[in-house]
Protein chains: 2
Amino acid sequence: MKYSNATNYALHTMVYLIWLPKASTVGVQELAEFQKLSPTYLSKILTKLTKAGLIESTPGAKGGYKISKSPKEISFLDVIIAIEGESNLFNCSIHHNEGCLIEKVMRESEDNMKEELSNRLLIDIVEKMELQKQAKESN
Amino acid sequence: MKYSNATNYALHTMVYLIWLPKASTVGVQELAEFQKLSPTYLSKILTKLTKAGLIESTPGAKGGYKISKSPKEISFLDVIIAIEGESNLFNCSIHHNEGCLIEKVMRESEDNMKEELSNRLLIDIVEKMELQKQAKESN
DNA sequence: ATATTAAAGACTTTTGTTATCTCTAATAAG
DNA sequence: CTTATTAGAGATAACAAAAGTCTTTAATAT
Ligand code: SF4
Ligand code: SF4
């Protein structure tokens, strides 16, 4: 009963990228460094995020990654689905009963969690983090 | 991002046991049969349920498993925890930040799901299933 | 052209789940 | 008390998924 680690790395990367000054790009080596990950491994995660349209990548000199144009709309759920796919937490083996009540309860609880995660935007927590930082600095 | 299959088997077994006439016991072979599982494998799952106090086992002739005395209080979450342990869906790797906002969002959504699952009792869906069965028979 | 950077694919290692087999312990019934 | 019966425990094998590495290819700014 858990997400894969890749989701964890993806969330940290996304927050890092949103935090960055807009339009500035950053390479995989820097992103890997701050999370103490191998660049090649993180690269696969970044590619998934790119394919999902959450970030943009440009190859070549001075290339790298940056957040996609519309960071305001990126939710926690978006990141999770980009990495984990659409797979469900609960998968009934045979699915032999149309209105099955076991499945119903499990799915409903899961859907509610997904609903909540789709309403939580990354930009919101980054803004809160910036406020915290400012408050700290003005001490 | 998913529960293990064992949780699935455990839920089906529990529903089966609650459905059974009270005080009647049933052996692992019957429980394994209806789910098309090997008895030895299901046995481990049953042992976990026993240790969690959700069911009772008696060895020896005419032994087997039956639901514990208080089936009215068994929630979906109880079964999940009996199998999966207390592990969380989201585990931050380093936990380096006390009031971390990433962790907060992930934990809150998870806790809400757990809360919901702790309010859904197995007995409720079994009762509904019995009503459905009766309605079908009176056709 | 060249240096730089992401993407893709093959591959290995590690970890966790699923499953089987064997042996032991408990208990009801004769 | 003995025996048949059933759960429990442990070792271990088989399998699958995740985590991680290495190498090659493609794109691009200078
Ligand atoms: S009983 Fe429900 S949850 Fe179980 S296999 Fe059938 S449809 Fe799926
Ligand atoms: S940033 Fe938050 S979620 Fe990430 S490792 Fe630190 S405390 Fe955990």
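The chains referred to below are lettered A, B, ... by the order of the sequence lines, with proteins before strands, and numbering in each begins at 1. All values below were derived from every heavy atom in this structure, side-chain atoms included, with hydrogens, water molecules and symmetry-related copies excluded.
To the nearest angstrom, P of D/dA18 lies 17 Å from CE of A/M1. Atom P of nucleotide D/dC15 and atom CG of B/N5 are separated by 16 Å, given to the nearest angstrom. In this structure, B/Y3 atom OH and D/dA16 atom C1' are separated by 21 Å, rounded to whole Å. Rounded to an integer number of Å, the gap from B/K36 NZ to C/dT18 P is 19 Å. The nearest whole Å value for the distance from the NZ atom in B/K66 to the P atom in C/dT27 is 12 Å. Atom CD1 in B/I83 sits roughly 18 Å away from atom P in C/dG16 (whole-Å rounding). Separating the CD1 atom of B/I45 from the C1' atom of C/dT20 is a distance of 14 Å, rounded to the nearest angstrom. Rounded to a whole Å, the NZ atom of B/K62 is 13 Å from the P atom of D/dA7.
Minimum atom distance to the side chain of B/P59 is reached by C/dA26, of the listed D/dA18, C/dC21, C/dA26. When each of D/dA19, C/dT20, D/dG8 is scored by its nearest atom to the side-chain atoms of B/T50, the top-ranked nucleotide is D/dG8. The side chain of B/L37 approaches C/dA19 more closely than any other nucleotide in the set C/dA19, D/dA7, D/dT5. Comparing atom distances between the A/T47 side chain and each of C/dA8, D/dA7, C/dT20 picks out C/dA8 as nearest. Comparing C/dT18, C/dT4, D/dG8 against the side chain of A/A61 picks out C/dT4 as the nearest. Side chain of A/T40, nearest nucleotide from C/dT20, D/dC22, D/dA7: D/dC22.
Nearest-nucleotide positions on DNA chain C place A/G63 closer to the 5' end than the other of A/K2 and A/G63. When the nearest nucleotides of DNA chain D are assigned to A/G60 and A/Y9 by heavy-atom distance, the more 5′-ward of the two goes with A/Y9.
Residue B/K51 is in sugar-phosphate contact alone, with no base atom involved, counting any heavy-atom pair closer than 4.0 Å across all strands shown.
OP1 or OP2 of D/dG8 sits under 4.0 Å from a side-chain N or O of B/S57. Regarding contacts with the backbone of D/dT21, a side-chain N or O of A/S38 is found under 4.0 angstrom from either OP1 or OP2. OP1 or OP2 of C/dT14 has not a single side-chain nitrogen or oxygen of A/Y41 nearer than 4.0 Å. Remark: B/S4 is in phosphate contact with C/dT18, judged by side-chain N or O atoms under 4.0 Å from OP1 or OP2.
Between the side chains of B/S4 and B/E84, at least one donor-acceptor pair of N or O atoms lies under 3.5 Å. Residues A/E116 and B/S109 bring no donor and acceptor atom of their side chains to less than 3.5 Å of each other.
Aromatic ring pairs are classed by plane angle as parallel below 30°, tilted from 30° to 60° and perpendicular above 60°; the pair A/Y16 and A/F34 is parallel.
Taking 3.5 Å as the limit, the base of D/dT21 and the side chain of A/K44 contain a donor-acceptor pair of atoms between them.
Formation of a donor-acceptor pair under 3.5 Å by the A/S43 side chain with backbone atoms of A/P39 is not found in this model. A/R120 places no side-chain N or O within donor-acceptor distance of the main-chain N or O of B/V105, the cut-off being under 3.5 Å.
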- Message: If you apply the rule side chain to side chain donor-acceptor pair (under 3.5 Å), what do you find for A/K114 with A/N88, and how did you get there?
- Response: CA-CA 10 Å; A/K114 284 184 178 170; A/N88 288 314; 3.1 Å; yes
